[in-house]
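Contents: one structure, followed by commentary.
This is a predicted model, so every value here is computed, not measured.
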Amino acid sequence: MSWKYILFDLDGTITDSSEGIINCIIYALGKMGHDIPSYKELYRYIGPPLYKGFQEIAGMEYKEALEAAAIYREKYSVTGLFENKPYDGIEEVLKILKENGKVTGLATSKPEEYAIRILEHFNLAGYFDKITGGVPDGSRNDKEIIIEESISRFGLSGKDKPDIIMIGDRKYDIIGAKKCGIASAGVYYGFARKGELEEAGADYIIDTVSGITGLLL
């Protein structure tokens, strides 16, 4: 299958953002008076929308989770977003895709402003035709909504969905793609636990960064 439109997640797919995210989660949990869990538990926060992570992992109520997310962003917006690095080889992959006529988009639950700043910081923004992210008030954070917004920004409709694939490292990317009716590929060099992507129903599994071009070309 040859797809024309390639949508990418950011954290765990384009960049290894673990250091900044975990530092800011620790900051927010401490400010909210919650115990700090193990690093293994903290890694679970990478992937879902922030408020969902605080609800599902820390057991917060919705209103408390939104407050925790706001505290997280206090630190993340200043230092956390650049405690981050692109995966080795990902720029070459993006370059090859563009050279082969692929249309690429970013579809991340991270606030769009932060996503743009991160990609510009690492000189990767120019590889993406559209950058779609979440919004701080939580109204556009679920992956299904993000993907649909990205598709809309490309001016595409239901008839174009067979030409679109979503690539991400967590179950939220796969489930969101399935709800939107597009193909999905899960990458295991990111933050997914073993078996997570298969359980979510990924159409394809990729183990390495270079495997992206192996699938798409």
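- Around atom CD of E99, more than 12 heavy atoms belonging to other residues, nucleotides or ligands sit under 6.0 Å away.
- In this structure, F8 and F128 have perpendicular ring planes: the angle between them is above 60°, well past the 30° mark.
- By the side-chain hydrogen bond (donor to acceptor under 3.5 Å, both in side chains) test, H34 pairs with E64, sequence neighbours left out.
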(request) Report the C-alpha distance between E148 and K161 in whole Å, list the side-chain angles of each, state the deciding distance to 0.1 Å, and finish with yes or no for salt bridge (Lys or Arg N to Asp or Glu O under 4.0 Å). (result) CA-CA 10 Å; E148 286 290 5; K161 287 187 175 182; 3.1 Å; yes
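- Taking the six-membered ring for Trp and the full ring otherwise, Y87 and Y189 have centroids separated by under 6.0 Å.
- Every residue two or more places apart in sequence or in another chain that forms a side-chain hydrogen bond (donor to acceptor under 3.5 Å, both in side chains) with E41 is listed here: R44.
- Not less than 6.0 angstrom separates the ring centroid of Y76 from the ring centroid of Y27.
- Rounding to the nearest 0.5 Å gives a distance of 12.0 Å between OG of S210 and CG of L215.
- The CG atom of D207 sits 11.5 Å away from atom CD1 of I212, with the distance rounded to the nearest 0.5 Å.
- The existence of a salt bridge linking K4 and D163 is excluded, since no basic side-chain nitrogen approaches an acidic carboxylate oxygen closer than 4.0 Å.
- Among the candidates K98, E91, K95, the single residue satisfying the side-chain hydrogen bond (donor to acceptor under 3.5 Å, both in side chains) test with Y127 is E91.
- Side-chain contact, N84 with S17: no donor N or O sits under 3.5 Å from an acceptor N or O.
- Ring geometry, F154 versus Y5: the interplanar angle falls from 30° to 60°, so the pair is classed tilted.
- Counted within 6.0 Å of CG on D88, heavy atoms from surrounding residues, nucleotides or ligands total 12 or fewer; the atom is thus considered open.
- A192 approaches L197 most closely through the heavy-atom pair CB-CG, 3.9 Å.
- Taking every heavy atom of both residues into account, A183 and D203 meet most closely at CA-OD2, 3.3 Å.
- Ion pairing between a basic and an acidic side chain is recognised when a charged N comes within 4.0 Å of a carboxylate O; R170 and D9 show no such pairing.
- Using a 4.0 Å cut-off between a side-chain N of Lys or Arg and a carboxylate O of Asp or Glu, R193 and E199 qualify as a salt bridge.
- Linking Ile, Leu, Val, Met, Phe, Trp and Tyr whenever their side-chain heavy atoms come within less than 4.5 Å puts L106 and L216 in one cluster.
- The OG1 atom of T13 sits 6.5 Å away from atom CE of M166, with the distance rounded to the nearest 0.5 Å.
- The CD1 atom of I182 sits 5.5 Å away from the CD1 atom of I164 when rounded to the nearest 0.5 Å.
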(message) Test salt bridge (Lys or Arg N to Asp or Glu O under 4.0 Å) on E112 and R153; report intermediate values, then the result.
(response) CA-CA 14 Å; E112 192 168 301; R153 290 185 184 186; 3.0 Å; yes
